[in-house]
Amino acid sequence: MNPSMLSKIVLATMPYMPLKYNRRLEVVVGLILMAKDLWISDLQSGDMVEQEISIQGWVKRSRSSGKIIFLSLRDSTGNIQCVAKKDTLDEQKFADLKSALIESSLVITGTVKEDQRSGGNEISVSDVEIIGSVNPEAPFPITESAMAAADGGETEFLLDNRHLYLRTSRMTTMLKIRSSVFGAIHSYFRGLDFVEYQAPCFVAGAVEGGSTLFEVPYFGRKAYLTQSWQLYAEAAMPALERLYTIAPSFRAEKSRTRRHLTEFWHAEMEIAWGGNDDVMAHGEALVRHICATLLEERSAELESLGRDLEMIRRFAENPFPRIRYDEAVERLQALGVDIEWGDDLDYSKEKILTADFELPHFLTHYPKVAKPFYHRPDPEDDKYVLCHDLLAPEGYGEIIGGGERTWSEQEILERIDEEGTPREAYEFYIDVRRYGGVPHGGFGLGVDRVIAWLAGAEHIREVIPFPRDSRRVTP
RNA sequence: GCCGCUUUAGCUUAGCUGGUGGAGCGUGGGACUGUUAAUCCCAAGGUCACAGGUUCGAACCCUGUAAGCGGCGCCA
């Protein structure tokens, strides 16, 4: 279909639309943009006072008396109050508007007025068309009381009605912040000439411990959903040298915490010719870039969530401290925590360690016994591996895990045997090392965790549209 | 895998030591020309999650089941 045909069809099917040109799309693809091109944020900007406009949106709330209706209209950019008076609107239209329930969609025509009584601009309504009405026998179920009960968290009812909860201002705000975080990750890596690279979701072997794999039937065989892009990225490392992805990873953990999802978005990177410190530098720079991007693009949204912008500025502008595992253990022991050298740092210990942190901290050089085979042992002391975790403050826990990879064939075989892992499952991974292996490394960042941390969400579920955990796959 | 908690109207909830379940919001009807979660009047709406048990009598006590939520371990 050619572009002019498309716009004609649109013109024919949407006669109520005030058609305008979208300059950017017109220039890029020579296409007339046919959909909505006037937004509530435009009306609130103040540039359109006294102009006659038509605007599409949904009813956020409505109040009426016998002769006047106050209706708060919302779209994806904000809210504006519409005022309809019985003596200036057709009788039938007035009745239609009065009966429009919350989340009815409509097109309002009227004049933009500056009015202190509505705290900004409002629309003096001259015409209205209801597009999608709402049945009074089944009104929009997300009520004030449902929202108030959640008070920033989420109730069972809101989780069951997630498809409708998405329209509320809190969820919309979270999704806008989420979009900016994804954008920041792409702009960071692309700005440094990394290549975006995709790995399969169906895999044959585990990256992390095998117990957390989702098994799926695969034409009479068993396959698993990927836990990480890493092993496939290491295969492409000699080809691309700098690569990254943002993709879902799956973990069949029965965890029920504010930090866990079974399907989460994983930003991962891999670089050739680099070691633990190089990888860590990228992790820090990426997280600081995300913070700076949010300050630039989403300050209003963060403030509406009650976030302290100065705190996020602190994350953006200061280097992240680095401490070795040994030092962390000593600190914890000094605080009276029951921990021995060689124990992994579980969440309860992380929480104690990070309680006073004003910045994210890197924890490096874990004992070899606490980490899987692909971590490279430290040549200076092979009790340790060259790895790092980035711990976020405020109890949000680990947001990055990464490090240098075991890169020679001999070393990887030793580590696999030492762990008792069967070699067969990793044949391609080992083979990659037989042809010009080089030092390399990478990290994985839990995108949803970063968003939850920066947005101050009570639970990771609040920052993903349709959360998946061990007890919920619907809606 | 382990521990804890919850379930009363569409939503949010009150319901004391067991004695015929109340309210706010929402919905419907009515009043009101500047409301900000508008206000005022009226109405409809309940097998108290389900199944047993104890009791003269159970939303309430006991047992089981189900669904959900919170947390731990593990991890991003």
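Chain identifiers are assigned alphabetically (A, B, ...) following the order of the sequence lines, protein sequences preceding nucleic acid strands; residue numbering begins at 1 within each chain.
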Using the [atom1] atom as the point on both nucleotides, what is the distance between [M] and [N], in whole Å?
N      : M      : atom1 : answer
B:rG15 : B:rA9  : C1'   : 15 Å
B:rG68 : B:rA76 : P     : 27 Å
B:rA23 : B:rU8  : C1'   : 13 Å
B:rA14 : B:rU7  : C1'   : 16 Å
B:rC25 : B:rU39 : P     : 7 Å
B:rA37 : B:rG26 : C1'   : 12 Å
B:rU20 : B:rA59 : C1'   : 13 Å
B:rG10 : B:rA44 : C1'   : 13 Å

Original post:
Quick one: the side chain of A:Q116 and the base of B:rG34, do they pair up donor-acceptor inside 3.5 Å?
Top reply: no
Subject >> Check: B:rC75 base within 3.5 Å donor-acceptor of A:R449 side chain >> reply: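 Present.
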Touch class at under 4.0 angstrom, heavy-atom based, for [X] against every strand present:
X      : value
A:I142 : nothing
A:D448 : nothing
A:G401 : sugar-phosphate
A:I400 : sugar-phosphate
A:L445 : nothing
A:S348 : sugar-phosphate

Just how far, in rounded Å, is [atom2] of [N] from [atom1] of [X]?
X      : N      : atom1 : atom2 : result
A:K98  : B:rU35 : NZ    : C1'   : 13 Å
A:D160 : B:rC69 : CG    : C1'   : 11 Å
A:R63  : B:rU33 : CZ    : P     : 16 Å
A:E137 : B:rG28 : CD    : P     : 10 Å
A:D344 : B:rC75 : CG    : C1'   : 9 Å
A:K349 : B:rC75 : NZ    : P     : 12 Å
A:R461 : B:rC69 : CZ    : C1'   : 8 Å
A:H459 : B:rG70 : NE2   : C1'   : 8 Å

Quick check for you: among [options], whose closest atom lies nearest to any side-chain atom of [X]?
X      : options                : answer
A:R472 : B:rG34, B:rG73, B:rC69 : B:rC69
A:K67  : B:rU27, B:rU33, B:rU35 : B:rU33
A:R258 : B:rG71, B:rC75, B:rG34 : B:rG71
A:E253 : B:rA76, B:rG71, B:rG34 : B:rA76
A:P139 : B:rG28, B:rG26, B:rG34 : B:rG26

I'd like to check the side chain to side chain contact (heavy atoms under 4.5 Å, CB included) partners of [X]; sequence neighbours left out, ordered by chain and number.
X      : answer
A:K98  : A:S64, A:I69, A:F94
A:A328 : A:I323, A:L345, A:L353, A:L363
A:L192 : A:Y188, A:F194, A:H282
A:V473 : A:R468

Subject >> Set of residues satisfying salt bridge (Lys or Arg N to Asp or Glu O under 4.0 Å) with respect to A:E301, sequence neighbours excluded >> reply: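 With sequence neighbours excluded, A:E301 shows a salt bridge (Lys or Arg N to Asp or Glu O under 4.0 Å) to A:R298, given in chain and number order.
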Original post:
With sequence neighbours left out, what residues match A:R63 under salt bridge (Lys or Arg N to Asp or Glu O under 4.0 Å)?
Top reply: none
So which protein N/O to nucleotides 1-4 of chain B N/O distances come out below 3.5 Å?
| unit_1 | atom_1 | unit_2 | atom_2 | d |
| --- | --- | --- | --- | --- |
| B:rG1 | OP1 | A:K254 | NZ | 2.9 |

**OP:** Determine whether more than 12 heavy atoms belonging to other residues, nucleotides or ligands lie under 6.0 Å from atom CG of A:D338.
**Re:** no
Original post:
Near A:Q51 CD, under 6.0 Å, is it more than 12 heavy atoms from other residues, nucleotides or ligands?
Top reply: yes
Subject >> Earlier contact from the 5' end, RNA chain B, for A:D346 and A:F140 >> reply: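 Checking each residue's closest nucleotide, the 5'-ward one belongs to A:F140.
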Between [X] (side chain only) and [Y] (backbone N and O only), is there a donor and an acceptor less than 3.5 Å apart?
X      : Y      : answer
A:Q81  : A:S72  : no
A:D96  : A:S99  : no
A:S179 : A:L175 : no

Original post:
Partners of A:F214 by ring pair (Phe, Tyr, Trp, His ring centres under 6.0 Å), sequence neighbours excluded?
Top reply: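 Applying ring pair (Phe, Tyr, Trp, His ring centres under 6.0 Å) to A:F214 gives none.
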**OP:** For A:F140, enumerate each residue passing the ring pair (Phe, Tyr, Trp, His ring centres under 6.0 Å) test, keeping only those at least two apart in sequence or located in another chain.
**Re:**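 Checked A:F140 against ring pair (Phe, Tyr, Trp, His ring centres under 6.0 Å); zero matches.
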**OP:** Quick one, give me the B/S/- string for nucleotides 9-14 of chain B, reading 5' to 3', where B means a protein heavy atom under 4.0 Å from the base and S means that only happens at the primed atoms, P, OP1 or OP2.
**Re:** --BS--
Original post:
Tell me, which of residues 259-271 of chain A have any heavy atom that sits under 4.0 Å from an atom in RNA chain B?
Top reply: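 Residues of residues 259-271 of chain A that come under 4.0 Å of RNA chain B are, in numerical order, A:R259, A:H260, A:L261, A:F264, A:H266.
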Subject >> Pairing residues for A:D346 by the side chain to side chain donor-acceptor pair (under 3.5 Å) criterion, not counting sequence neighbours >> reply: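 A:D346 satisfies side chain to side chain donor-acceptor pair (under 3.5 Å) with A:S348, A:K349 only.
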Original post:
In terms of ring plane angle, is the pair A:W341 and A:Y325 parallel, tilted or perpendicular, where the classes change at 30° and 60°?
Top reply: perpendicular
Any-strand Watson-Crick or G-U partner of [N], both distances under 3.5 Å:
N      : value
B:rC2  : B:rG71
B:rC16 : none
B:rU7  : B:rA66
B:rG45 : none
B:rA37 : none
B:rA76 : none
B:rC61 : B:rG53

